[in-house]
Amino acid sequence: MEAYKHYKRRYFMPPERCLDWAEKEYIDHAPDWCSVDLRDGNQALIIPMSLDEKLEFFKHLVKIGFKEIEVGFPAASETEYEFCRALIEQKLIPDDVTIQVLTQSREHIIAKTFEALKGCKNAVVHLYNSTSVAQREQVFRKSKEEIIEIAKFGANLLNEYKAKTEGNFRFEYSPESFTGTEPEFSLEICNAVIDIWKPTPDNKVIINLPVTVAESMSHVYASQVEYMCKHLHDRENVVVSLHPHNDRGCGVADSELGLLAGADRIEGTLFGNGERTGNVDIVTLAMNMVSHGVDPKLDFSNLPETVELYERLTRMHVYERSPYSGALVFAAFSGSHQDAIAKGMKWREEKNPEFWTVPYLAIDPHDIGREYEGDVIRINSQSGKGGIGYLLQQKFGFDLPKKMREDFGYAVKSVSDHAHKELMPDEILEIFKERYVNITTKIKPVEIHFAQKDGITATVTVTYNGGEPQTFTGIGNGRLDAVSNAIKAGLGLDFALSTYQEHALETTTKSKAVAYVGIESSDGKTYWGAGIHTDIIDSSVSALIAAVNNSLA
């Protein structure tokens, strides 16, 4: 492949060593979160959301716990403007929530922006201009000094319009294309803006360092962020924000390392929607913190609800393997994985540990509104006996003997393999019933009586191959053994009872009992049967007859 010859590294390392972030183990507290779904995310949609759809989305973001929500670029279109006004005029913004709007460093755009914000209780006005080498040379064809003047011009205008507009406003500045800008120049232009805005402890300024286009590996970005954090003016009064895009598939890594490097805030979207390959996925970032025992200050305890709303309003699709949110992220099809998960879940029941730990499951599916049945153990031709048995037990209450699980597992895998599809729980139950439960294909019981004297005597009346009823007698050390001996003697069969297991199938006063019987034929092969009845004796006899019928099949 010769394409690599067309490229060279387009990023810049800081002029000094900035690796303090590498000494940190994990993110120990939640950043300030800002959802940009309604601006950055919305402008990336094939069909942008309508006013009503944006209002519904906004309310859901508030419900999740976002305290800062970017609502649009009011000067860009009438819909954007009207949405901003609707939020303010209909008093839909909670007192503890701040909306954010975007503006370029142009006076008519700034004027329209403040007009849209009039009367807003809390708003962030986000000013940006491009600073990268590529933008300076190819788009603006301006010197560094001229680019700085653009930023200063906008910063001064924001001060002017804030003074004459009703509302409470904070400011944010982004050197757009930060990752393609020399760090020294990014620092110079950001400090020039900070000096104009003069932040205080009660009126902090946000300096946003966007991965407008990902140019480097994540550790380089972290070093750039650390350099800025160390040298920004009035750092104690500056909130350092990150806005990572995902061009290199590193949006989450850029964010996590950037937070270790000293950043305070993250701008991103639910499920990573955004231009090109998208923004950083806030769901993944937040849930990564949860998996380390850190409160993200966002509530994804009903993640399926959020997925449904997102897909409906954006007309986008959450990929099945997206971390945490995808439909298949907890699904185990592999037999070895299923077996380990089933054993891990049983271990949790026995030990009741304080902290979550189950093989192959990074978090408890219940914590985000998912279920074990149907979400974790999924059955196809790759599945194993452990997973199939676990599903049958958890979903329907059948706890099969270990060797019977193996026999049933092969049966289910065979059906899935031939049908070339995943099997649903009800289909698996049907296979179990058809293969084992109360089978009367050859031998059908008509009447059974027991007498006890020097052991148990069973008088068994059955039909064989649909013929006339025949009555046989057998003696055994228990009822099941006596019935077994009667059938063997009467029909000339040769087998031995090898396994017997029983349990209640339900926990109500009218509960049924299920029995499992394995018989071993003269050639050493084991056949299985199951019986279900309100009486345990009847269920055990039915299981025996089912096993015998399977041996005769």
Side-chain angles (χ1 to χ4, degrees), residues 33 35-49 53-54 56-57 60-61 64 66 211-214 218 242-256 266-291 296 298-334 337-338 341 360-383 420-424:
W33 300 105
S35 162
V36 296
D37 289 90
L38 298 173
R39 197 278 302 170
D40 198 339
N42 186 59
Q43 73 183 33
L45 299 176
I46 297 173
I47 304 174
M49 286 181 275
E53 288 172 332
K54 292 185 77 172
E56 184 179 357
F57 206 123
H60 191 73
L61 292 171
I64 290 170
F66 282 97
V211 183
T212 308
V213 179
S218 299
L242 310 179
H243 185 118
H245 282 216
N246 201 39
D247 304 85
R248 290 171 53 90
C250 298
V252 170
D254 287 347
S255 300
E256 292 184 329
I266 293 288
E267 294 185 351
T269 59
L270 299 179
F271 314 115
N273 177 41
E275 292 182 281
R276 305 184 309 279
T277 56
N279 293 299
V280 66
D281 180 348
I282 285 181
V283 173
T284 299
L285 265 182
M287 291 307 303
N288 281 357
M289 292 179 191
V290 171
S291 73
L298 293 174
D299 183 2
F300 292 117
S301 59
N302 190 353
L303 196 49
E305 177 189 40
T306 299
V307 171
E308 184 281 325
L309 176 135
Y310 167 83
E311 292 187 330
R312 174 168 51 83
L313 297 182
T314 67
R315 303 159 188 86
M316 299 284 282
H317 176 64
V318 175
Y319 173 51
E320 285 79 1
R321 297 292 182 187
S322 289
Y324 305 106
S325 54
L328 297 178
V329 295
F330 296 111
F333 291 101
S334 160
H337 287 205
Q338 291 176 346
I341 290 170
Y360 299 112
L361 295 181
I363 66 167
D364 185 344
H366 281 169
D367 287 340
I368 57 171
R370 302 282 291 271
E371 296 295 331
Y372 299 131
E373 300 85 5
D375 274 334
V376 177
I377 303 295
R378 304 281 291 269
I379 305 302
N380 64 13
S381 60
Q382 305 302 306
S383 302
H420 202 63
K421 69 168 189 173
E422 178 187 0
L423 297 178
M424 296 297 103

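Contact between Met287 and Ile368 at its shortest, heavy atoms only, is CE-CG2, 3.5 Å. When every heavy atom of Pro244 is checked against every heavy atom of Glu267, the shortest pair comes out as CD-O, 3.8 Å. The two atoms that bring His245 and Glu275 nearest to each other are ND1-O, 4.3 Å, heavy atoms only. Of all the heavy atoms in Arg321 and Leu328, the pair that sits closest is NH1-O, 2.9 Å. For the residue pair Trp33 and Pro296, the shortest heavy atom distance occurs at NE1-O, 2.7 Å. Annotation for Asn42 and Met49: closest pair OD1-N, 2.8 Å, computed over non-hydrogen atoms.
We find the CD-OG1 distance between Glu53 and Thr314 to be 9.0 Å, quoted to the nearest 0.5 Å. Separating the CG atom in Asp299 from the CZ atom in Phe66 is a distance of 11.0 Å, to the nearest 0.5 Å. A distance of 6.0 Å separates CG of Leu285 from CD1 of Ile266, quoted to the nearest 0.5 Å. Considering CD of Glu256 and CG of Leu242, their distance stands at 11.5 Å, rounded to 0.5 Å.
Residues Leu61 and Leu38 form a side-chain contact, since some pair of their non-hydrogen atoms from C-beta on lies under 4.5 Å apart. Between Asp247 and Arg276, the closest side-chain pair of non-hydrogen atoms falls below 4.5 Å. You'll find the side chain of Thr284 reaches within 4.5 Å of the side chain of Tyr324, heavy atoms only. Residues Leu270 and Phe300 are in side-chain contact: their nearest non-hydrogen atoms beyond the backbone lie under 4.5 Å apart. Using a 4.5 Å heavy-atom threshold, the side chains of Ser322 and Phe271 count as separate. Using a 4.5 Å cut-off on side-chain heavy atoms (C-beta onward), Ile282 and Leu298 make contact.
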Are Val290 and Asp367 close enough, and set up right, to give a side-chain contact (heavy atoms from CB on, under 4.5 Å), and what steps lead you there? CA-CA 10 Å; Val290 171; Asp367 287 340; 5.8 Å; no

Could you check Leu313 against His60 for side-chain contact (heavy atoms from CB on, under 4.5 Å), going step by step and ending with a plain yes or no? CA-CA 11 Å; Leu313 297 182; His60 191 73; over 6 Å; no

Could you walk me through whether Ile46 and Arg315 pass side-chain contact (heavy atoms from CB on, under 4.5 Å), step by step? CA-CA 8 Å; Ile46 297 173; Arg315 303 159 188 86; over 6 Å; no

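Looking at Ser291, its side chain never comes within 3.5 Å of a backbone N or O of Ile363 through a donor-acceptor pair. A distance-only check finds a donor-acceptor pair linking the side chain of Asn273 to the backbone of Gly41 [under 3.5 Å]. Between the side chain of Asn246 and the backbone N or O of Gly251, at least one donor-acceptor pair lies under 3.5 Å. Remark: the backbone N or O of Ala327 is paired with a side-chain donor or acceptor of Arg370 at under 3.5 angstrom. Not a single donor-acceptor pair under 3.5 Å links the side chain of Arg39 to the backbone N or O of Asp37. Checked by atom type and distance alone, the side chain of Glu311 pairs as donor or acceptor with a backbone atom of Val318 at under 3.5 Å.
With sequence neighbours excluded, the residues that form a side-chain hydrogen bond (donor to acceptor under 3.5 Å, both in side chains) with Asp254 are Ser218. Partners of Glu320 by salt bridge (charged side-chain N to carboxylate O under 4.0 Å, His left out), not counting sequence neighbours: none found. Applying the side-chain hydrogen bond (donor to acceptor under 3.5 Å, both in side chains) criterion to Ser255, with sequence neighbours excluded, gives no partner residue.
Below 30°, between 30° and 60°, or above 60°: for His337 and Tyr360 the angle between ring planes is below 30°, a parallel geometry.
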